[in-house]
Number of protein chains: 2
Amino acid sequence: MSTLADHIEAYIKQMLRESQTRTVELSRAQLADVFSCVPSQINYVLTTRFTIERGYIVESRRGGGGYIRIGHIHVGDCTAHAFDLLESIGSELTEKQMENILARLVDYQVITNRQRQIIRGIVQQETSSMDEGKDILRAILVRAMLFLTIKSKA
Amino acid sequence: MSTLADHIEAYIKQMLRESQTRTVELSRAQLADVFSCVPSQINYVLTTRFTIERGYIVESRRGGGGYIRIGHIHVGDCTAHAFDLLESIGSELTEKQMENILARLVDYQVITNRQRQIIRGIVQQETSSMDEGKDILRAILVRAMLFLTIKSKA
DNA sequence: CCTCCTTTGACCATTACTGACCTTAGTTCT
DNA sequence: AGAACTAAGGTCAGTAATGGTCAAAGGAGG
């Protein structure tokens with residue numbers, strides 16, 4: 001965690017944690033000012049880190065009294081939600097899609113950060129020597145490992 | 001007789017030993033500079049020495065503020081046997097071979113009986129619709145799930 | 001010699017950050 | 001009501017800063 005974008009991300013997540021409603025409203029210009037950066041840097045952080053794939057919803061309004069509102073989708077039963085996520089994996093899974101799923105499962109505390117790293121390593125290991133079909137094998141592997149993890153807990 | 005790669009390996013391992021968290025973060029370019037070599041030499045060392053089989057987890061990020069992070073997973077004696085078993089899995093694994101391995105792992109208390117059943121189910125699920133290559137996929141799946149289980153414990 | 005491991009470098013991919021320019025919404029003046 | 005002004009936020013393309021890949025060359029040992 002060392003770039004400006006990382007710090008802004010952490011800052012927003014902290015605000016989210018502190019808010020009861022899992023929603024924060026902020027002013028782009030003000031936030032940019034806090035971090036002494038250009039306002040568009042905020043957009044950069046929002047579009048790269050607070051995506052719908054990771055469970056965030058960002059709304060905004062321009063003009064006078066404009067704002068940016070960030071919400072985090074959280075479900076009561078994390079395990080159930082994890083199952084849904086897993087079932088959404090089709091026959092292929094790109095690295096980006098995998099990252100998003102892992103990020104959400106870490107968020108939901110269904111897997112630990114360490115487990116995420118291990119899963120990444122294993123997938124990389126197993127797919128590295130392939131020249132085609134990586135996405136297919138990745139889908140199978142991720143599904144298998146996550147199912148095992150989730151079911152082992154239940 | 002030690003090569004440059006050996007020195008870099010030793011250097012990183014030293015850093016790991018000195019770190020409290022068993023994790024080090026480094027800059028590829030800087031490290032290459034320390035050893036006056038091309039940056040890709042670092043990748044060579046990482047891919048040949050810091051593999052998941054040897055218990056290392058390597059993460060990296062490109063771009064501004066990029067980094068390479070290396071973590072180490074200790075495996076206890078209780079799981080050492082399990083590791084040997086896993087490494088004995090070749091490119092194919094029949095159902096019988098799988099059953100043998102699972103039985104031994106249950107014996108060693110590396111996995112529970114319940115986990116064995118879950119693994120069976122997942123393998124069944126994933127291979128059922130294939131008409132050839134089942135043994136290959138089974139090898140990959142079992143290896144992945146068992147690696148994950150063992151390493152998650154460490 | 002032949003093979004395997006090491007080393008290098010040219011070329012590639014990804015991520016972060018900035019600034020000029022654009023769009024939208026509210027407010028005020030005529 | 002309409003025009004002009006003010007106050008937000010949005011886009012996008014360019015630049016810089018990293019790390020990744022791969023094939024070819026080099027070298028040590030058998």
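The sequence lines fix the lettering, A, B, ..., with proteins before strands; numbering per chain opens at 1.
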Minimum side-chain heavy-atom gap Ile70(B)-Thr23(B) below 4.5 Å: no
Please confirm whether any donor atom in the side chain of Ser40(B) sits under 3.5 Å from an acceptor in the base of dG20(D), or the reverse. no
Taking for each residue the nucleotide of DNA chain C bearing the nearest heavy atom, is the 5' side occupied by Arg61(A) or by Gly63(B)? Gly63(B)
Do Arg54(B) and Tyr56(B) meet the cation-pi criteria used here (NZ or CZ under 6.0 Å from the six-membered ring centre, within 45° of the axis)? no
Take the protein atom CD1 of Ile8(A) and the nucleotide atom C1' of dT15(C), then report the distance between them rounded to whole Å. 14 Å
Which part of the nucleic acid, if any, lies within contact of Thr48(A), taking any heavy atom under 4.0 Å across all strands shown: a base, the sugar-phosphate backbone alone, or nothing? nothing
Take atom CD1 of Ile42(A) and atom C1' of dT18(C), then tell me their distance rounded to the nearest Å. 13 Å
So what does Ile68(B) hit on the nucleic acid, given a heavy-atom distance under 4.0 Å: a base, only sugar-phosphate, or nothing? sugar-phosphate
Would you indicate, yes or no, if dC12(C) has its OP1 or OP2 atom less than 4.0 angstrom from a side-chain nitrogen or oxygen of Arg62(B)? no
Measuring from the side chain of Gln41(A) (C-beta onward, heavy atoms only), which nucleotide among dT8(C), dG19(D), dT18(C) has the closest atom? dT18(C)
At 4.0 Å (heavy atoms only), tell me whether Leu4(A) reaches a base, stays on the sugar-phosphate, or touches nothing. sugar-phosphate
Let me know the distance between CG of Asp33(A) and C1' of dG9(D), rounded to the nearest Å. 15 Å
Rounding to a whole Å, what distance do you find between Glu25(A):CD and dG9(D):P? 10 Å
How are the rings of Phe83(A) and Phe147(A) set to each other: parallel, tilted or perpendicular (split at 30° and 60°)? tilted
Would you say dG10(D) has OP1 or OP2 under 4.0 Å from some side-chain N or O of Ser60(A)? yes
Whole angstrom is fine here: how far is it from NE2 in His7(A) over to P in dT15(C)? 19 Å
OP1, OP2 of dA16(C) versus side-chain N and O of Arg49(A): anything below 4.0 Å? yes
Given DNA chain D, 5'-ward residue of the pair Gly65(A) and Thr47(A), judged by closest heavy atom: Gly65(A)
Between Phe35(A) and Tyr11(A), how do the two ring planes meet: parallel, tilted or perpendicular, split at 30° and 60°? perpendicular
Send over the distance from Asp6(A) CG to dA17(D) P, rounded to a whole Å. 17 Å
Applying a 4.0 Å non-hydrogen cut-off, can you work out what Gly66(B) is touching in the nucleic acid: base, sugar-phosphate, or nothing? sugar-phosphate
Side-chain N or O of Tyr44(A) closer than 4.0 Å to phosphate OP1/OP2 of dC17(C): no
Which whole-number value in Å describes the distance from Asn43(A) CG to dG9(D) P? 9 Å
Closest approach of Ser2(A) and Asp6(A), non-hydrogen atoms and distance? N-OD2, 3.2 Å
Closest-nucleotide mapping onto DNA chain C: is Gly64(A) or Val38(A) further toward the 5' terminus? I mean the 5' end. Val38(A)
Checking salt bridge (Lys or Arg N to Asp or Glu O under 4.0 Å) for the pair Arg138(A)/Asp135(A): CA distance, chi angles, key distance, verdict? CA-CA 5 Å; Arg138(A) 188 180 294 112; Asp135(A) 291 351; 2.7 Å; yes
Nearest-Å distance, CD (Glu59(A)) to C1' (dT24(C))? 16 Å
